[in-house]
Amino acid sequence: MPEIYENTNFIKEAIEEDLKSGRFTTVHTRFPPEPNGYLHIGHAKAICIDFGMAQAFGGKTNLRYDDTNPVKEDTEYVDAIKEDIRWLGFDWDNREYYASDYFEQLYQWAEQLILQGDAYVDDLSPEEIRQYRGTLTEPGKNSPYRDRSVDENLDLFRRMRNGEFPDGARVLRAKIDMTSGNINMRDPVMYRILHASHHRTGDKWCIYPMYDFAHGQSDSIEGITHSLCDLAYEAHRPLYDWFVEKLGIFHPRQLEFSRLNISYTILSKRFLKLMVDNKLVNGWDDPRMPTLCGMRRRGFTSEAIRDFIDKVGVAKNESVVDISLLEHCVRDNLNVSANRVMAVLNPLKLIIDNYPEDQVEQLEAINNPEDDSAGKRLVPFSKVLFIEKDDFMENPPKKYFRLSPGNEVRLRYGYYVKCTHIVKDDNGEILEVHCTYDPETRGGYSPDGRKVKGTIHWVSAQHALEAEIRLYDRLFNTPDPDNTEEGKTFLDNLNPDSLTILNSCKVEPSLKNSLSGDRFQFERQGYFCTDLDSTQNSLVFNRTVSLKDSWAKISQFS
RNA sequence: UGGGGGUUCGUCUAACGGUAGGACAACUGACUCUGGAUCAGUAUGUAGGGGUUCGAAUCCUCUACCCCCAGCCA
């Protein structure tokens with residue numbers, strides 16, 4: 001498992017104190033996803049914290065599905081979630097649990113609370129319960145069914161289990177305090193009637209526990225010492241504590257941290273699902289999605305994501321992390337791990353007039369200057385090449401170091417070439433750039449020591465492979481997509497240019513056998529990976545992230 | 001105008017009564033066969049007011065602002 005969380009944070013400090021004080025002697029955490037959707041990078045933060053904290057103290061982490069609501073959950077998600085956690089680099093050994101494993105125990109505990117006079121069956125309708133609950137500023141009032149006898153409660157609850165009542169007819173409630181300032185303590189619902197088939201227990205149950213009655217006790221059963229969750233559950237902690245205290249069972253400690261937010265990004269299962277369902281993106285694993293499967297397909301490495309989560313830190317401040325930090329982490333990781341390769345996205349023909357017609361040279365190129373062990377490769381060179389359209393300008397501005405009439409540049413790993421003239425079509429569009437090369441500069445060095453300012457990449461026309469290249473950009477064009485004016489939604493902030501498909505790109509022949517998931521740096525362009533759709537005869541690459549481009553910055557000011 | 005949290009460079013995050021530090025972003029410059037990478041440097045911050053103290057981001061107090069809670073969701 002990856003090393004993570006060498007940095008300190010308030011949770012780590014709290015755990016240290018607990019160990020020191022003897023409140024706990026070991027550290028055991030859990031990651032509790034609900035199997036109702038795909039994991040996104042917000043979950044990655046929780047995963048890294050849950051597993052990372054346990055690991056920091058030599059403890060364990062359980063995977064536990066929080067599957068208490070059969071109408072929303074599906075086994076489809078169970079496997080996807082496991083795959084994503086493993087991909088991220090974490091392992092729960094054989095400790096794969098389900099809240100539904102504990103349904104019988106939870107039921108018994110519910111009866112115990114009834115026997116203790118701490119729970120009652122309520123016949124109020126959902127609407128009435130809402131009314132009786134009061135508001136944020138007014139206390140609630142007791143249900144007329146609140147003072148039923150233990151025997152009656154027990155009888156009714158057993159009949160709820162037996163399926164004698166329709167959905168919504170009754171609920172089991174904790175008897176706490178209808179006047180509490182904390183609305184969660186105003187006799188919260190423990191069980192509801194749901195005649196629905198559960199993905200694991202099938203039709204065995206028609207009553208299902210609520211989150212609040214399931215989570216803490218599940219933690220307790222598993223011996224979880226530190227139950228780490230997001231700030232939303234802070235107001236539920238008194239209830240969490242209340243249940244385990246009343247039941248007299250092992251009492252884990254719940255600690256809350258702020259969830260991850262990223263600029264130009266939406267991290268809401270509901271919104272992500274909306275985009276998938278409305279085909280605004282091509283599925284959960286669309287490379288533009290912040291889902292782990294989407295990011296994986298995009299070419300992100302799990303190392304980069306873990307590094308990002310680590311750099312973001314753990315605190316209680318509600319914060320929005322700049323997406324540029326994520327991009328930095330991806331570049332940082334890919335820079336040292338991805339092999340370099342030459343690819344021309346928008347081809348322009350470059351003809352070397354003084355190069356022998358049928359000659360082909362194999363030029364040596366370095367695979368990764370950051371990693372000697374990556375070795376070298378040979379790239380074929382010939383008279384007719386493709387270069388990037390952007391790398392030629394007929395009337396260049398100042399500080400443009402690339403090819404232009406009369407100017408000399410270096411073809412990477414190749415020769416110095418000097419532009420002599422261009423050929424245009426009737427519309428004035430440049431068809432060919434002609435140049436001459438200096439045979440003395442093979443490999444990219446000149447014996448007379450003269451310097452060229454620019455180095456451009458190229459692909460030999462007769463050896464080039466055709467490829468489709470998908471350019472991805474941020475999905476939204478505003479930093480806070482969900483913050484919209486009246487009458488608009490986050491969908492109005494979708495970036496119409498988040499996907500650009502380039503169809504006749506030219507890539508060097510070494511890419512012929514690349515496999516889905518392979519990552520490369522296309523020199524001077526960015527990091528790319530071979531897409532799932534790619535085949536040997538029809539190559540497809542995704543742009544993971546562009547390289548930092550200081551020319552773009554210079555040119556935008558001139 | 002109930003309850004619970006929060007507020008430190010543009011953005012995240014440290015500092016636990018003793019020089020406000022790091023990362024990303026930005027801007028200089030150096031170097032470079034990727035206008036990449038790397039290196040060096042610059043600027044920017046304790047929400048506000050009182051108080052305690054030799055000394056306060058840190059302790060006390062008042063104020064302001066932000067977030068969460070009124071699902072038979074999690």
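Residue numbers start from 1 in every chain, and the chains themselves are labelled A, B, ... in the order their sequence lines are given, proteins ahead of strands. Everything numeric here is computed off the predicted structure, so don't read it as measured data.
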Tell me whether the OP1 or OP2 atom of [N] has a side-chain N or O from [X] closer than 4.0 Å.
| X | N | result |
| --- | --- | --- |
| A:Arg524 | B:A37 | no |
| A:Ser319 | B:U13 | yes |
| A:Asn36 | B:A74 | no |
| A:Arg259 | B:A74 | no |
| A:Lys269 | B:C73 | no |
| A:Asn182 | B:G4 | no |
| A:Ser258 | B:G5 | no |
| A:Arg186 | B:G3 | no |
| A:Arg133 | B:G71 | yes |
| A:His328 | B:C24 | yes |

Side-chain (A:Asp74) to main-chain (A:Glu76) donor-acceptor, under 3.5 angstrom: yes
Base of [N] paired with side chain of [X] (donor-acceptor, under 3.5 Å):
| X | N | answer |
| --- | --- | --- |
| A:Glu234 | B:G6 | no |
| A:Glu318 | B:C68 | no |
| A:Gln521 | B:U34 | yes |
| A:Arg402 | B:G35 | yes |

Base partner of B:G18, which must satisfy Watson-Crick or wobble distances under 3.5 Å: B:C54
Tell which nucleotide pairs with B:U1, taking only Watson-Crick or G-U wobble pairs whose two distances are both under 3.5 angstrom. none
Would you indicate what A:Val312 reaches in the nucleic acid, counting non-hydrogen atoms under 4.0 angstrom: base, sugar-phosphate, or nothing? sugar-phosphate
So what does A:Lys399 hit on the nucleic acid, given a heavy-atom distance under 4.0 Å: a base, only sugar-phosphate, or nothing? base
Kindly compute the distance separating OH (A:Tyr208) from CG (A:Asp67), expressed to the nearest 0.5 Å. 9.5 Å
Atom P, compared across B:G6 and B:G10: separation rounded to whole Å: 23 Å
With rounding to whole Å, what would you report as the distance between B:A20 and B:G45 at their P atoms? 13 Å
Atom of A:Leu334, atom of A:Arg340 and distance for their closest heavy-atom approach: O-NH1, 4.3 Å
Do the ring centers of A:His236 and A:Tyr240 come within less than 6.0 Å of each other? no
Between A:Glu222 and A:Arg64, does any NZ, NE, NH1 or NH2 come within less than 4.0 Å of an OD or OE carboxylate oxygen? yes
